[in-house]
2 protein chains.
Amino acid sequence: MYVSFDIEQFIQDFSQSCKKVQIKSFNKNVVITSYIQKRDQLCILISGSADLVRYDLNGNRTIIDHFSKHDIFGEVFYDITTNNELLVESKENCEVLFFSYNDIHNKCKPNCKFHEKLSEHLPELILDKVTTLNMRIELLTKRSTRDKLLGYFNLLSTKALNKTFTLPFSLTDLADYLSVDRSAMMREIKLLKNENIIKKEGKKITLLSN
Amino acid sequence: MYVSFDIEQFIQDFSQSCKKVQIKSFNKNVVITSYIQKRDQLCILISGSADLVRYDLNGNRTIIDHFSKHDIFGEVFYDITTNNELLVESKENCEVLFFSYNDIHNKCKPNCKFHEKLSEHLPELILDKVTTLNMRIELLTKRSTRDKLLGYFNLLSTKALNKTFTLPFSLTDLADYLSVDRSAMMREIKLLKNENIIKKEGKKITLLSN
DNA sequence: ATTTTTCTGTTGCAAAAACAACAAAATAAA
DNA sequence: TTTATTTTGTTGTTTTTGCAACAGAAAAAT
C-alpha cells in the first residue's frame, strides 16, 4: 500500500479542529448515505464496515463495493446517476467522517489543519482506492465463476502472505461481490474442494494448488 | 466532470520544463508499457487511444480499461501482480507522457513548474479516473449481457445528451470491454433490435425505450 | 486496384450459470 | 433458552452464455 499516512492519528488530532467536518455514528444494518445526485460529499469510515449496494428494478442486490476501516467513499466518486438506487449500508456499527470535496481546494481557513493535512494526503488515499477498484475489475472481467473465485482467493492469499486465509464476507455476500448466483457459486466451491484445489472449513480457505 | 484543469495547455507549457518527464511516440498496435512489478510509473495519454489488456493463460483477451486523450494510467494503480500479463496497447498512433509518481511528492526542484502544477491537479485527475472505474464496475456487475449492453448504451446516451450516439469501440472490442462472448453479444443485440428497444446502423445506436 | 486482414453477422450445439425450492446449520433476537 | 432469522449446502430444471465455425462486408495493406 502507498498509504504511509496514519489516518487514525490524523482523525484523532484534527477532526475536532474544523467545524465543517462531521463525525456520525450508525447502528448495524442502516443506510449511511445514498447516492442520488452528483453531490460533493466525501466520507471516511473510521470504524466498522459497510457496503455500497445497488438494488435494480428486479430487486437484485449487488455489492458494488465493500468498505472497511479507513476506506473513503462518497458520491463524489460517481459521475452519472443510473436508474438504480445506490446505498451505503452499515454491516456493523460504524463511525463515519463526513466532509466536502470542494472544501479541500477552496482552502477552508488559512490555518485549518484538518483541510491542510487532508489536501496533502488525499492523492494517496484516492490512489489507494483506484488500486482497489482495479483489482475488483480484474476479478469481474474473469470469464467464469471458477476464475472469479480463484482470482479472489489468490488476492486474499497474497494479502495474508499465506495459503490459508479467512473470507471477510459471508458466502452470500461473496456471491454478490463477485456478481454471480449464490447457488452456482456454492456448486463451484464444491467442485474446487472435490478437485483438491482448495480446502475449506467455514470461512477459512486454503489454496492447495501450485 | 470535475476536471477543470486544461491538460492540453499544461502539457504544452510545462512538459519541456522538467527533465524527469519524457514524451514518447508510439505507432498503432504496439505495446506502450507492461505492468509487471509494482513500479512508480504514471502516464498521461497526450494523443491517440490505447487499451489496457489482459491475456490469461487460456489466451483469452480482456480489455481491462480503455484510454483516450488525457487519460492517466500506469502501474502505480495496480497493487498486486496477478499471474496474467497486463499490457497497454496502442490502438492508434499515440503520444504518451511518462513521469514518476514519487517525484510529485519529493518536490522535484524548488521551482519545477511541471511537478508543482501536477501536484496541484493530480487529485482531480485521479478522481476522474475513480469515477470512470466505478462506472465500469457498475456495468460489469450487471447480471446479464442484455443489462450490460443497455447499461453501457444508457451511459453513452447520457454522455452524448442524446438518444442517438456512436460506439467508441468496434463490436469485437465492446464484447471484450463488457467481458462477454462476442457472438452471444451479437445475438443479444439482434434481440434488442427485434424487440424495438434499440435501433442500430453500424456503430450508430439509438435507444427507443422510455 | 487487388489482395489480405479484420470485423460483422449468424447458427447449432455444448457448457455454464441462473432460477427455484428446500432442509439443515448457525446466528441473532426475544 | 427458546424462537426467529439468516446463512449454508444441495439439487433438478430452465435459461443464458460460450464455443466453434463459417460467409459476407468492410477496412487496411500492398
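Each chain gets a letter, A, B and so on, in the order its sequence line appears, and its residues count up from 1.
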### Message
I'd like to know whether B/Tyr152 forms a side chain to side chain contact (heavy atoms under 4.5 Å, CB included) with B/Leu174, so could you lay out the CA-CA distance, the side-chain angles of the two residues, the decisive distance to 0.1 Å, and finally the verdict.
### Response
CA-CA 10 Å; B/Tyr152 187 59; B/Leu174 179 60; 3.4 Å; yes

Does the pair [X]/[Y] count as a salt bridge with the N-to-O cut at 4.0 Å?
X	Y	answer
B/Glu95	B/Lys24	no
B/Arg146	B/Glu195	yes
B/Lys129	B/Asp71	no

Just checking [X]: base, sugar-phosphate only, or nothing, at a heavy-atom cut-off of under 4.0 Å?
X	value
B/Lys148	nothing
B/Lys203	sugar-phosphate
A/Lys193	nothing

### Task
Give a yes or no on whether the ring-centroid distance for B/His66 and B/Phe169 is below 6.0 angstrom.
yes

#### Entry: Close aromatic pair by centroid cut-off 6.0 Å: A/Phe114 and A/Phe10
yes

Collect all protein-nucleotide pairs involving nucleotides 20-26 of chain C in which both atoms are nitrogen or oxygen and the distance is under 3.5 Å.
| from | atom 1 | to | atom 2 | distance (Å) |
| --- | --- | --- | --- | --- |
| C/dA20 | N6 | A/Ser183 | OG | 3.0 |

### Task
Go through the steps to decide whether B/Leu45 and B/His70 satisfy the test side chain to side chain contact (heavy atoms under 4.5 Å, CB included), and finish with yes or no.
CA-CA 5 Å; B/Leu45 193 57; B/His70 298 167; over 6 Å; no

### Query
Can a cation-pi geometry be assigned to B/Arg136 and B/Tyr177, taking NZ or CZ under 6.0 Å from the six-membered ring centre and within 45° of the ring axis?
yes

Between [X] ([atom1]) and [N] ([atom2]), how many Å, whole number?
X	N	atom1	atom2	result
A/Lys142	C/dA16	NZ	P	17 Å
B/Lys91	D/dA28	NZ	P	11 Å
A/Ile189	D/dT11	CD1	C1'	16 Å
A/Leu192	D/dT10	CG	P	13 Å
A/Met185	D/dT10	CE	P	12 Å
B/Glu201	C/dG9	CD	C1'	16 Å
A/Asn27	C/dA28	CG	P	16 Å
B/Met186	D/dC22	CE	C1'	14 Å

### Message
Any side-chain N or O of B/Lys190 below 4.0 angstrom from OP1/OP2 of C/dT11?
### Response
yes

### Message
side-chain hydrogen bond (donor to acceptor under 3.5 Å, both in side chains), that's the test. Do A/Tyr101 and A/Asp40 meet it? Break it down for me.
### Response
CA-CA 6 Å; A/Tyr101 179 72; A/Asp40 191 34; over 6 Å; no

### Query
Near DNA chain C, under 4.0 Å by heavy atom, which residues of residues 166-177 of chain A?
none

### Message
Is the shortest side-chain heavy-atom distance between B/Thr145 and B/Leu178 below 4.5 Å?
### Response
no

#### Entry: Close side-chain approach of A/Glu89 and A/Ile32, heavy atoms under 4.5 Å
no

### Message
Can you identify which nucleotide, out of D/dT17, D/dA28, C/dA17, has its nearest atom closest to the B/Thr145 side chain?
### Response
D/dT17

### Task
Return the angle between end axes of the helix from C/dA1-D/dT30 to C/dA30-D/dT1, with five pairs used per end and rounding to 10°.
70°

### Message
Under a 3.5 Å distance rule, please check whether B/Asp181 uses its side chain to pair with a backbone N or O of B/Ala184 as donor and acceptor.
### Response
yes

